[in-house]
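Throughout, protein chains are lettered first and strands after them, A, B, ... in sequence-line order, and every chain is numbered starting at 1. Just so it is clear, the structure is predicted and the values come from calculations on it, not from any experiment.
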There are 2 protein chains.
Amino acid sequence: MARAGLTADRLTQAAADLADEVGLENVTVSALARHFGVKDASLYSHIRNAHDLRIRLAVLSLSELADLVSEAIGGRSGRDALVAFGLAYRGYASSHPGRYAATQLALDPDVAGESAGRYDDMVRAVLLGYGLWEPDLTDAARLVHSAFHGYVSLERSGAFHRHPRGVEASWLRSLDALDAVLRTWPTA
Amino acid sequence: MARAGLTADRLTQAAADLADEVGLENVTVSALARHFGVKDASLYSHIRNAHDLRIRLAVLSLSELADLVSEAIGGRSGRDALVAFGLAYRGYASSHPGRYAATQLALDPDVAGESAGRYDDMVRAVLLGYGLWEPDLTDAARLVHSAFHGYVSLERSGAFHRHPRGVEASWLRSLDALDAVLRTWPTA
DNA sequence: ATAATTTGCCTAGGACCTCTAGGAAGCCTA
DNA sequence: TAGGCTTCCTAGAGGTCCTAGGCAAATTAT
């Protein structure tokens, strides 16, 4: 019988597309096997287990997000960089909800160190443009990252749909507000 | 044989405790049945299905969180109210991680309208103390809620542990920063 | 070109979870 | 105390994760 030509990378890619279509929680080994027309057990030659698949998906997604943000903020600084970052971030989360959800999985530092670290570095790079230094730099980076993740997460869970105000408009104003607080970061 | 005396409320309470112990994703109908020493099928006289159990857990948790926050901000306004809110919010999330995770489930508006609405109203009440009005009120409420949820969510997923700076210290500074931006909310 | 080795996908099956159908035993009220 | 309702049961179907062991295809060595 002809082989399906599976690899860990092809599985991860397919899992990412599946996640965006049906939600990360519905990305199962069985569903993936069905997609390739093979039996469940066949996948275990390429991935260790379901958790391993999710970790690979998280690393892929973090890497894609870092690429997208990197391109968005290239050459910009200050408010321009922050807004570009915020728009790229929310854009990725809304166009790739399953992939985005995967970026929030808890990762071993040694596994995720690279892809998550790239992302962290970009946040910090933007904040350096605001003249922030340690420990304010880390505090501000945590707040900005929190606001970004919290916004897209709450938007997706429907928490914002209880009010008619446009979600896009609030996002732009929130970016303005973050810019303002970074420009005048309160010192202890 | 003696009856176990199950009710939907007792099941929900036990599910909440179980969620805090072993994580929301490990709260299964089977695990709950084991806890009460009954067969899985017995639970279906009290809950409709596993999703129904999670919804009940979400409503319980949102209600508890609203109670806690309500008590924390009682009588305070402005910065005091914001900080009390932030400390109570993060406190609930860290002492009840499973319950907190349940608050983030997407809820039908008619089901969650009450408990989630109570929470929303408290955010807005604090922001009224800063002299904010629509549409800034909603924009700021979304940003504050995002920062709160994002912070505890990222903290829990380990995103902050890649840096030695204390997570508690950053939180206090982040609350300062949010207070600052609310006092000088940038108008369009 | 053929033999040896590695690799990919298979069947079989166990463990756990969700949920339905239908039955028996406990509890409440008339 | 008899009827009716509720609670919990057994039985079982179907889904997911994963392991063990086998055969065949692809690759490498001879």
> Mind checking side chain to side chain donor-acceptor pair (under 3.5 Å) for A:Asp179 and listing every partner two or more places apart, or none if nothing turns up?
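Only A:Tyr130, A:Arg183 meet the side chain to side chain donor-acceptor pair (under 3.5 Å) criterion with A:Asp179.
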> Which is more 5' along DNA chain D, the nucleotide nearest B:Ser45 or the one nearest A:His51? Just name the residue.
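Nearest-nucleotide comparison on DNA chain D picks B:Ser45.
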> Nearest to the B:Val38 side chain among C:dC10, D:dA11, D:dC8, which nucleotide is it?
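The nucleotide sitting nearest to the side chain is D:dC8.
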> Without decimals, in angstroms, what is the distance between B:Leu53 CG and C:dC17 C1'?
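Answer to the nearest Å: 14 Å.
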> Side-chain N or O of A:His46 versus OP1/OP2 of C:dC9: is the shortest distance under 4.0 Å?
yes
> Round to the nearest Å and state the distance from A:Leu6 atom CG to D:dA26 atom P.
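Checked: the CG to P distance equals 13 Å.
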> Not counting sequence neighbours, list each pair that qualifies as a ring-ring contact (aromatic ring centres under 6.0 Å, His included) and has a residue in residues 152-186 of chain B.
B:Phe148-B:Trp171, B:Tyr151-B:Phe160, B:Tyr151-B:Trp171
> Send over the distance from B:Ile47 CD1 to D:dT7 C1', rounded to a whole Å.
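My rounded result for the distance is 14 Å.
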> A:Leu32 CG to D:dC18 C1': how many Å, rounded?
15 Å
> Under 3.5 Å, which protein N or O atoms sit close to an N or O of nucleotides 14-16 of chain D? Give each pair with its distance.
{"unit_1": "D:dT16", "atom_1": "OP1", "unit_2": "A:Arg34", "atom_2": "NH2", "d": "3.3"}
{"unit_1": "D:dT16", "atom_1": "OP2", "unit_2": "A:Arg34", "atom_2": "NH1", "d": "3.3"}

> So, is A:Ser42 near the phosphate of C:dC10, with a side-chain N or O under 4.0 Å from OP1 or OP2?
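Indeed, a polar side-chain atom of A:Ser42 lies that close.
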> I need the CG-P distance between A:Asn49 and D:dC18, as an integer number of Å.
5 Å
> For B:Leu43 and D:dT6, give me the distance from atom CG to atom P, rounded to whole Å.
18 Å
> Quick one: list whatever passes salt bridge (Lys or Arg N to Asp or Glu O under 4.0 Å) with A:Glu168, sequence neighbours left out.
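Salt bridge (Lys or Arg N to Asp or Glu O under 4.0 Å) check on A:Glu168 returns A:Arg90.
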> Can you identify which nucleotide, out of C:dT18, D:dC8, C:dT11, has its nearest atom closest to the B:Tyr44 side chain?
C:dT18
> With the side chain counted from C-beta on, respond yes when A:Ile73 and A:Leu82 share a heavy-atom pair under 4.5 Å apart, and no when they do not.
no
> Would you say A:Val83 ends up clustered with A:Val144 if hydrophobic residues are merged whenever their side chains have heavy atoms under 4.5 Å apart, either directly or through other cluster members?
yes
> Kindly state each residue pair satisfying ring-ring contact (aromatic ring centres under 6.0 Å, His included) with at least one member in residues 36-78 of chain A, sequence neighbours excluded.
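For residues 36-78 of chain A: none.
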> For B:Lys39 and C:dC17, what is the distance between atoms NZ and P respectively, to the nearest whole Å?
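Nearest whole value for this atom pair: 13 Å.
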> Please list all pairs passing the salt bridge (Lys or Arg N to Asp or Glu O under 4.0 Å) test where one or both residues lie in residues 47-59 of chain A, with sequence neighbours left out.
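Of all non-adjacent pairs touching residues 47-59 of chain A, those that pass salt bridge (Lys or Arg N to Asp or Glu O under 4.0 Å) are A:Asp52-A:Arg56.
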